[in-house]
S.K.: 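One structure follows; several queries about it will come next.
First listed ligand is number 1; within each ligand, the first listed atom is number 1.
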Amino acid sequence: MKSAVPRALRNARRIFPRASSTRSSSLSSLPRLGNNRLSGTTTLTSQHRNFSATTGLRDIDEDKDRKWSTPLAKQLAAAIELTGPIPLASFMRMCLTSDIGGYYTGAIEKDRDQFGLKGDFVTSPEISQVFGELIGVWFLTEWLAQGRQSQGVELIEVGPGRGTLMDDVLRTIQSFPAIANSIDAIYMVEASPELRMAQKNLLCGEDAPMTESKVGYHSVCKYNALPIVWTETIKSIPIAPQKMPFIVAHEFFDALPIHAFELVSVPASTSEAPSSTDNSSPSNKITTPTLQWREMLVSPTPPGSTHESLKTPATQSRETPPPDFQLTRATSSTRHSLYLPESSPRFRALKSTVGPGALLEVCPDASLYASDFAARIGGSPQHPKPKPSGAALILDYGPGDGTIPTNSLRGIRKHRRVSPFAEPGLTDLSVDVDFAGIAESATRASEGVEVHGPVAQGVFLELMGIRERAEVLAKRAGKEEKGRAVEKAWRRLVDRGPGGMGKVYQALAILPENGGRRRPVGFGGEVVQ
Ligand code: SAH
């Protein structure tokens with residue numbers, strides 16, 4: 001039976017019988033813009049393109065007494081001294097998740113985490129409980145539409161932060177015993193030991209023990225005593241053909257490291273000629289300029305640099321110490337510049353559609369995760385699955401129109417935009433997500449999946465019934481401040497004005513292939529019961 005979404009979701013009481021308190025009230029005083037992670041982008045080109053790429057191997061004595069802004073900066077500088085400038089992806093990976101003081105792996109002060117007023121940014125699940133509840137409902141609608149499998153359902157979240165989203169999803173799903181009882185296990189992919197503990201405390205209780213195995217860390221959830229397993233990468237989660245995985249990634253892909261490239265015109269005399277046994281043969285000489293990709297690399301700024309000398313853009317706060325590092329353009333091909341820009345027809349087309357000066361960001365980890373999701377849902381040559389099942393929901397920011405992100409690296413600290421090269425490890429780094437790239441990777445990895453979206457978060461949440469659900473919550477919270485805070489919070493999530501979260505964040509779904517016959521709820525489809 002099919003029914004229109006709003007009607008199916010109208011009976012909010014049925015779907016959410018146990019509403020919890022109004023989380024939004026504590027956040028309502030935050031300024032609207034500038035405290036989510038998307039408050040503008042770094043323009044790398046104008047500031048950084050002019051630097052030559054010769055600053056990698058530097059005079060060691062010159063740097064001996066240099067004060068680096070963080071221990072990680074010192075380590076990075078030492079590594080660069082040995083190897084030469086490093087790819088942006090290596091820099092990002094070290095800054096975000098390295099053992100020696102990455103942003104998510106121990107660098108920030110003990111008494112705070114990344115989220116909320118005291119942290120660096122705020123995310124949708126932390127703004128309103130309705131966000132996670134509606135994702136729980138979305139999983140429910142997929143479970144219903146795909147035949148109500150009675151066992152083998154898995155919930156997988158990548159990058160779960162404080163665990164708030166999973167808590168809201170589970171609380172919602174608990175109201176539906178049939179799906180709640182079909183869940184075998186919950187998997188959380190988390191790089192941060194501190195956040196892993198915070199998630200365990202929220203989902204299992206502070207006293208619940210956590211044990212370690214070869215796979216990861218284990219505890220038992222307060223909902224239905226479900227086993228929860230924490231792993232550091234999705235590869236550690238077993239794949240089995242009878243499982244029905246429901247996967248969510250909220251603000252995870254934007255934290256994955258990117259490689260950045262610029263297309264340059266190389267004069268004939270310096271073009272890299274194809275190898276030949278007879279170089280003297282005239283037919284092998286390159287006589288016209290060629291277009292080649294050059295990778296953007298990270299190297300230390302000159303000693304004694306200031307924000308003024310580095311021309312830190314006005315959009316970035318100068319309250320941090322001057323950036324320790326800068327982007328430089330490689331003078332010749334690198335391993336990555338030879339193959340990553342060739343890895344997709346969308347990237348290859350830039351040579352003719354844009355030409356010299358074209359910029360390109362490529363996120364190999366995003367392809368790996370998207371391919372993994374697709375293989376779990378639709379099967380793959382390595383993991384055949386007779387009947388595709390499950391779903392993945394990816395919510396993040398990035399172009400919704402298929403354009404490839406450029407210049408999107410940004411640094412965020414205490415709700416301010418800062419240089420992404422200042423205070424490595426203390427500064428959050430994020431980039432725009434290439435949704436079209438994720439769609440391409442998913443459909444390439446598995447013939448058993450199809451992709452829907454991206455659609456703007458505002459559209460997705462409205463179709464999911466955020467208005468109806470929030471009205472119930474607001475009524476319960478009363479007319480005073482609390483009620484107004486609930487109202488303000490949900491409106492912020494769907495705001496489609498310039499820079500609004502409802503517009504800049506997108507939702508994309510990976511589903512079992514069905515020839516596009518059934519669209520998922522939130523993407524224009526209807527609830528199938
Ligand atoms: N989804 C949460 C948190 C977003 S922040 C929310 O919306 O509130 C990004 C999350 O991804 C954090 O939990 C961080 O520790 C985790 N993370 C970042 N990079 C990761 C990586 N490479 N592997 C696993 N987890 C990662």
S.K.: Under 3.5 Å between some N or O of ligand 1 and some N or O of Glu126?
M.R.: no
S.K.: I need the atoms of ligand 1 closer than 4.0 Å to a non-hydrogen atom of Leu195, numbered in the order shown.
M.R.: 12 (C), 13 (O), 15 (O)
S.K.: Could you work out, with ring pair (Phe, Tyr, Trp, His ring centres under 6.0 Å) as the rule, every residue matching Tyr217, not counting sequence neighbours?
M.R.: none
S.K.: Tell me every residue that passes ring pair (Phe, Tyr, Trp, His ring centres under 6.0 Å) with Phe435, counting only those two or more places apart in sequence or in another chain.
M.R.: none
S.K.: For Ser192, take its heavy atoms, then give the atoms of ligand 1 lying under 4.0 Å from any of them.
M.R.: 15 (O)
S.K.: When you measure from atom 5 (S) of ligand 1 to each heavy atom in Phe253, Tyr104, Phe252, which option holds the nearest one?
M.R.: Tyr104
S.K.: May I ask you to check whether Ala191 has an N/O atom sitting below 3.5 Å from an N/O atom of ligand 1?
M.R.: yes
S.K.: For ligand 1, which is the ligand I care about here, please tell me if Thr97 has any N or O atom under 3.5 Å from one of the ligand's N or O atoms.
M.R.: no
S.K.: Ligand 1 versus Ser124, non-hydrogen atoms closer than 4.0 Å: side chain, backbone, both, neither?
M.R.: neither
S.K.: Taking only heavy atoms of Glu251, which atoms of ligand 1 are found under 4.0 Å from at least one of them?
M.R.: 4 (C), 5 (S), 9 (C)
S.K.: Answer yes if the ring centres of Tyr505 and Phe460 are under 6.0 angstrom apart, and no otherwise.
M.R.: no
S.K.: Flag Leu256 as yes when one of its N or O atoms lies below 3.5 Å from any N or O atom of ligand 1, and as no otherwise.
M.R.: no
S.K.: Return the NE2 to CG distance between His259 and Leu360, rounded to the nearest 0.5 Å.
M.R.: 11.0 Å
S.K.: Which of the numbered atoms in ligand 1 are under 4.0 angstrom from any heavy atom belonging to Thr123?
M.R.: 6 (C), 7 (O), 8 (O)
S.K.: Are any of the N/O atoms on Glu190, whether in the backbone or the side chain, positioned under 3.5 angstrom from an N/O atom of ligand 1?
M.R.: yes
S.K.: Under 3.5 Å, is there a donor-acceptor pair between the Tyr397 and Ser430 side chains?
M.R.: yes
S.K.: Starting at CH2 of Trp293, measure out to NE2 of His336 and round the result to the nearest 0.5 Å.
M.R.: 15.5 Å
S.K.: Return a yes/no value for Gly159: is any of its N or O atoms, backbone included, closer than 3.5 angstrom to an N or O of ligand 1?
M.R.: yes
S.K.: Under a 3.5 Å threshold, yes or no: a donor from one side chain and an acceptor from the other, between Thr164 and Glu126?
M.R.: yes
S.K.: Using a strict threshold of under 4.0 Å (side-chain N to carboxylate O), is an ion pair present between Lys414 and Asp428?
M.R.: no
